[in-house]
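A quick write-up on the structure given underneath.
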Amino acid sequence: LIGKVLQTLQTFTNTVQTISGTSFTDITNMSQAITPSATTSKVLITEFVNFSADSDTFPAFKLLRDSTWIGKSTTLTTGQETTFSSGVQAGGAGVPTQMSGVSYTFLDSPSTTSAVTYKLQVSPMRTYSRTIEINQAVTRNDNNQCSGTSTITVQEIGA
């Protein structure tokens with residue numbers, strides 16, 4: 001049986017956010033609430049985040065349903081992040097005038113008809129304090145750099 005898209009909601013943001021440190025932090029305006037119409041509905045989450053990072057910074061991203069971390073990878077060693085993606089800016093480490101992006105798609109089964117909120121978090125680096133910028137290059141003295149936008153889209157899929 002092929003599912004039908006029952007509703008589609010999207011948050012679009014061009015908000016610039018500077019995030020420093022080693023902890024996971026909510027990405028501003030990268031959350032979207034949805035109220036499934038049936039407990040059997042699935043929710044398809046699609047996101048894209050533009051970012052730039054300090055040299056030698058490898059941010060980790062994660063997706064949450066309310067406060068529950070979903071779409072985790074498997075931890076292979078102690079201290080390893082269980083994140084859906086880890087990014088590096090375009091051009092590799094050491095090129096903070098360029099932006100890069102990370103995208104992710106996940107099909108969730110929230111099993112509720114109550115409102116749920118999907119949101120994204122990022123940690124600039126888990127071992128050393130680093131800085132990333134969402135929707136803007138860290139270094140803004142290069143005529144070739146630009147600002148960006150990010151989106152999170154949720155779709156209820158029903159039978």
Side-chain angles (χ1 to χ4, degrees), residues 1-54 57-75 80-90 96 98-126 129-138 140 145-159:
L1 232 166
I2 296 175
K4 297 177 185 174
V5 176
L6 302 178
Q7 58 178 317
T8 300
L9 302 166
Q10 182 181 70
T11 296
F12 166 91
T13 183
N14 58 7
T15 300
V16 172
Q17 181 183 10
T18 302
I19 300 171
S20 298
T22 60
S23 299
F24 277 100
T25 302
D26 290 353
I27 300 175
T28 302
N29 298 330
M30 284 298 286
S31 65
Q32 179 62 61
I34 189 168
T35 304
S37 58
T39 58
T40 56
S41 292
K42 296 193 181 296
V43 177
L44 182 66
I45 305 102
T46 307
E47 64 77 17
F48 182 83
V49 179
N50 264 303
F51 72 95
S52 178
D54 281 338
T57 302
F58 305 96
F61 295 84
K62 69 179 179 178
L63 173 66
L64 292 95
R65 178 196 336 106
D66 295 326
S67 61
T68 302
W69 191 350
I70 59 175
K72 288 174 145 186
S73 64
T74 302
T75 300
Q80 183 181 32
E81 282 307 318
T82 54
T83 182
F84 74 73
S85 182
S86 178
V88 63
Q89 69 271 21
Q98 299 180 25
M99 285 196 320
S100 192
V102 62
S103 62
Y104 187 61
T105 302
F106 186 77
L107 186 62
D108 188 35
S109 299
S111 302
T112 186
T113 55
S114 297
V116 292
T117 299
Y118 294 93
K119 69 178 180 178
L120 293 171
Q121 293 186 335
V122 64
S123 170
M125 196 157 176
R126 299 299 292 153
S129 182
R130 296 286 194 260
T131 297
I132 70 165
E133 290 218 25
I134 304 297
N135 293 331
Q136 183 170 270
V138 169
R140 292 174 293 281
Q145 70 87 34
C146 61
S147 59
T149 61
S150 300
T151 61
I152 182 168
T153 305
V154 296
Q155 295 182 300
E156 179 186 3
I157 311 295

- request: Would you name the heavy atoms of I34 and Q155 that are closest together and state the gap between them?
  value: CD1-C, 4.3 Å
- prompt: Does the side chain of T28 come within less than 4.5 Å of I134's, by heavy atoms?
  reply: no
Residues that T68 engages under side-chain contact (heavy atoms from CB on, under 4.5 Å), provided they are two or more places apart: R65, I70
pair T105-L44: side-chain heavy atoms closer than 4.5 Å: yes
field: Validation row: L63, F106 side chains within 4.5 angstrom (heavy atoms)
entry: yes
- prompt: Do Q136 and S52 touch side chain to side chain, with heavy atoms closer than 4.5 Å?
  reply: no
field: Steps toward side chain to side chain contact (heavy atoms under 4.5 Å, CB included) verdict (Q17, N135)
entry: CA-CA 7 Å; Q17 181 183 10; N135 293 331; over 6 Å; no
field: Straight-line distance of M30 CE to D26 CG, nearest 0.5 Å
entry: 11.5 Å
statement: Taken to the nearest 0.5 Å, the spacing of R130 CZ from I132 CD1 works out to 13.0 Å
- prompt: With side chains defined as the heavy atoms from C-beta onward, is the minimum distance between V49 and V122 less than 4.5 Å?
  reply: no
- prompt: Closest approach of P36 and V43, non-hydrogen atoms and distance?
  reply: CG-CG2, 4.5 Å
Side chain to side chain, L6 and S41, heavy atoms closer than 4.5 Å: yes
field: Min side-chain heavy-atom separation F51-E133 under 4.5 Å
entry: no
field: Interatomic spacing from NZ in K119 to NZ in K62 - rounded to 0.5 Å
entry: 9.0 Å
- prompt: Got a donor-acceptor contact below 3.5 angstrom from the Q32 side chain to the I152 backbone?
  reply: no
query: For P110 and V116, which heavy atoms make the closest approach, and how far apart are they?
result: CB-CG1, 4.4 Å
Whether Q7 side chain and T35 backbone form a donor-acceptor pair below 3.5 Å: yes
- request: Hey, could you give me the OG1/CZ distance between T151 and F12, rounded to the nearest 0.5 Å?
  value: 8.5 Å
message: For a quick test of reading the model, state the closest non-hydrogen atom pair linking S114 to T112 and the distance between them.
response: N-OG1, 3.0 Å
task: Could I get the full list of side-chain hydrogen bond (donor to acceptor under 3.5 Å, both in side chains) partners for S109, not counting sequence neighbours?
output: K42
field: Straight-line distance of W69 CH2 to F24 CZ, nearest 0.5 Å
entry: 4.5 Å
Donor-acceptor contact present, side-chain D66 to main-chain T117, <3.5 Å: yes
message: What I'd like to find out is whether the side chain of S20 reaches to under 4.5 Å of the side chain of P124, using heavy atoms alone.
response: no
message: If I take atom OH from residue Y118 and atom OG1 from residue T46, how far apart are they, to the nearest 0.5 angstrom?
response: 12.0 Å
query: Is a side-chain donor or acceptor of N14 paired with a backbone partner of T149 at a separation under 3.5 angstrom?
result: no
